[in-house]
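Lettering of chains follows the sequences in order, A, B, ..., and the numbering in each one begins at 1. All values derive from a computational prediction rather than experimental measurement. Only this structure's heavy atoms are used, side chains among them; waters, hydrogens and symmetry mates stay out.
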Amino acid sequence: MEQPPDLVEPVLAWYDVHARDLPWRRPEASPWSVVVSEFMLQQTPVARVLPVHEAWLERWPAPAALAAAPTGEAVRAWGRLGYPRRALRLHAAATAMVEQHGGEVPRDREALLALPGVGDYTAAAVASFAFGQRHVVLDTNVRRVHTRVLGGAEFPGPSVTRAERDRAAALLPADEATAATWSVAVMELGALVCTAADPSCPRCPVAEHCAWLRAGRPPHAGPPRRAQAWAGTDRQCRGRLLGVLRDADGPVHRQRLEAAWDDDVQRERCLAALVADGLAVATSGATYALPG
DNA sequence: TAGCCGTGGAG
DNA sequence: TCTCCAAGGCT
């Protein structure tokens with residue numbers, strides 16, 4: 001498979017002009033700053049991550065600082081970013097960096113992959129964006145751009161396929177630093193131009209090469225992507241309960257939690273799950289709190 | 001692997 | 001109002 005020579009240059013040129021000035025992208029940003037940003041950005045929009053990321057870096061400027069803090073403080077400082085287990089995983093990752101990597105963010109992709117909360121995407125992203133390495137970085141933005149420009153379809157399938165990964169690898173520039181910039185540039189293109197709901201093809205630097213646009217932007221043909229139920233789910237219940245603990249200074253009485261959710265069975269199930277997950281602890285027979 | 005895990009802004 | 005979904009990971 002040969003590299004189509006016309007994609008890299010236009011995308012890099014576009015990125016040079018339109019890239020957002022994000023804290024974790026600045027030259028002085030530490031690898032730790034990149035790690036914190038990648039955890040927070042997992043399924044959470046940039047706009048909501050920005051203030052929390054800044055607060056975290058101020059409070060915990062290095063892995064050792066976070067590792068020394070109680071996990072409950074990490075959960076509290078996570079605020080309303082969602083998926084609070086990410087805060088626990090980031091704390092655990094910081095601990096692993098202290099215990100196994102001298103307090104530094106490991107540079108090796110395999111070592112990154114071994115950290116809690118770091119999967120294939122995050123390992124490649126940190127290795128690329130913090131250390132300038134050459135890796136296939138496949139997130140939802142990149143997958144969407146590749147699917148449209150090269151695949152001619154509106155949306156990628158539910159999971160990454162081997163063919164998709166091979167295609168991404170074939171597109172990756174040979175030079176290490178160029179590859180790293182290419183990866184972040186394609187992500188940015190997906191985030192700002194080739195968006196899911198409202199792509200603005202007139203502003204796209206590779207519109208003339210886009211198979212999907214050329215085909216008349218045909219709508220998604222595959223199985224409908226199942227909408228995630230929300231009202232009345234355990235997720236909503238857990239969020240409600242954890243919100244009570246997060247917004248309290250100290251332990252809260254059961255009554256406060258009971259007032260937050262009507263269904264007794266579901267509330268008790270979720271409370272037990274939060275404790276099992278390490279997001280909450282029973283501080284007495286009748287009180288709960290974030291873990292100390 | 002499919003289901004689960006939060007939250008709130010945008011259209 | 002309601003649906004969609006935003007730089008995933010884990011089991």
Side-chain angles (χ1 to χ4, degrees), chain A residues 15 19-20 22-25 33-53 75 78-90 92-93 112-130 135-146 154-161 168 180 183-192 194-200 219-220 223-247 260-261 269-270 273-274 276-280:
Chain A
Y15 182 74
R20 289 168 292 181
L22 302 173
W24 46 87
R25 283 184 186 161
S33 174
V34 174
V35 167
V36 172
S37 77
E38 291 300 340
F39 270 76
M40 292 182 172
L41 288 164
Q42 291 168 3
Q43 302 283 280
T44 302
V46 168
R48 242 186 304 154
V49 164
L50 282 169
V52 183
H53 178 271
V75 173
W78 196 255
R80 308 186 67 80
L81 287 182
Y83 293 139
R85 286 188 292 189
R86 292 181 293 165
L88 294 180
R89 291 175 185 150
L90 182 48
L112 288 165
L113 206 46
L115 296 172
V118 176
D120 191 79
Y121 160 75
T122 302
V126 171
S128 298
F129 308 149
H135 295 285
V136 171
V137 179
L138 272 186
D139 78 324
T140 185
N141 289 304
V142 174
R143 295 187 64 215
R144 189 173 55 249
V145 172
H146 288 180
E154 186 179 20
F155 294 117
S159 56
V160 177
T161 65
S183 294
V184 72
V186 176
M187 283 178 61
E188 191 77 336
L189 185 62
L192 299 182
C194 194
T195 58
D198 183 31
S200 71
H220 184 60
R225 314 142 99 202
R226 37 183 317 114
Q228 41 190 2
W230 176 246
T233 60
D234 281 9
R235 292 166 78 182
Q236 186 186 30
C237 180
R238 288 167 57 108
R240 195 79 66 80
L241 296 175
L242 194 61
V244 172
L245 301 183
R246 193 172 52 222
D247 296 338
W261 197 263
R269 177 175 69 236
C270 289
L274 288 173
D277 288 345
L279 286 165

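- Under the rule for a side chain to side chain contact (heavy atoms under 4.5 Å, CB included), the partners of A:C270 that lie at least two apart in sequence or sit in another chain are A:D234, A:C237, A:R238, A:L241, A:Q266.
- Using a 4.0 Å heavy-atom criterion, one finds that A:L90 contacts no nucleic acid atom at all.
- Comparing the P positions of B:dG8 and C:dG9 gives a spacing of 23 Å, expressed to the nearest Å.
- C:dT11 and B:dT1 have their C1' atoms separated by 10 Å, given to the nearest Å.
- For the pair A:R235 (side chain) and A:A229 (backbone), a donor-acceptor distance under 3.5 Å is absent.
- Looking only at distances, a side-chain donor or acceptor of A:R246 sits under 3.5 Å from a matching main-chain atom of A:G79.
- Toward the 5′ end of DNA chain C lies the nearest nucleotide of A:A125, the other residue of the pair A:A125 and A:V118 mapping further downstream.
- Residue-level contact check: A:R20 touches the bases, meaning some heavy atom is under 4.0 Å from a base atom.
- At distances below 3.5 Å, at least one donor-acceptor pair connects side-chain atoms of A:Q236 with backbone N or O atoms of A:G232.
- For the pair A:Q42/A:R89, no side-chain contact is recorded, criterion being any heavy-atom separation below 4.5 Å from C-beta on.
- No side-chain heavy atom of A:R143 sits under 4.5 Å from any side-chain heavy atom of A:F155.
- Nucleotides of DNA chain C lying under 4.0 Å from heavy atoms of chain A occupy a range whose first and last members, 5' to 3', are C:dC4 to C:dC10.
- Atom CG of residue A:L115 and atom CG of residue A:L90 lie 10.0 Å apart, to the nearest 0.5 angstrom.
- Distance alone, capped at 3.5 Å, is enough to place a donor-acceptor pair between the A:T44 side chain and the A:L81 backbone.
- Here A:W78 lies out of heavy-atom contact (under 4.0 Å) with every strand.
- Across all strands, A:V46 comes closer than 4.0 Å to base atoms (heavy-atom distances).
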Using a 4.0 Å heavy-atom cut-off, write out nucleotides 2-11 of chain B from 5' to 3' as B (base contacted by protein), S (sugar-phosphate only) or - (no contact). ---BBBS---
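- Residues A:V142 and A:S183 are not in side-chain contact: their nearest non-hydrogen atoms beyond the backbone lie 4.5 Å or more apart.
- Between B:dC5 and C:dA7, the two P atoms lie 22 Å apart (nearest whole Å).
- Ranked by how close their nearest DNA chain C nucleotide is to the 5' end, A:W24 and A:L113 are led by A:W24.
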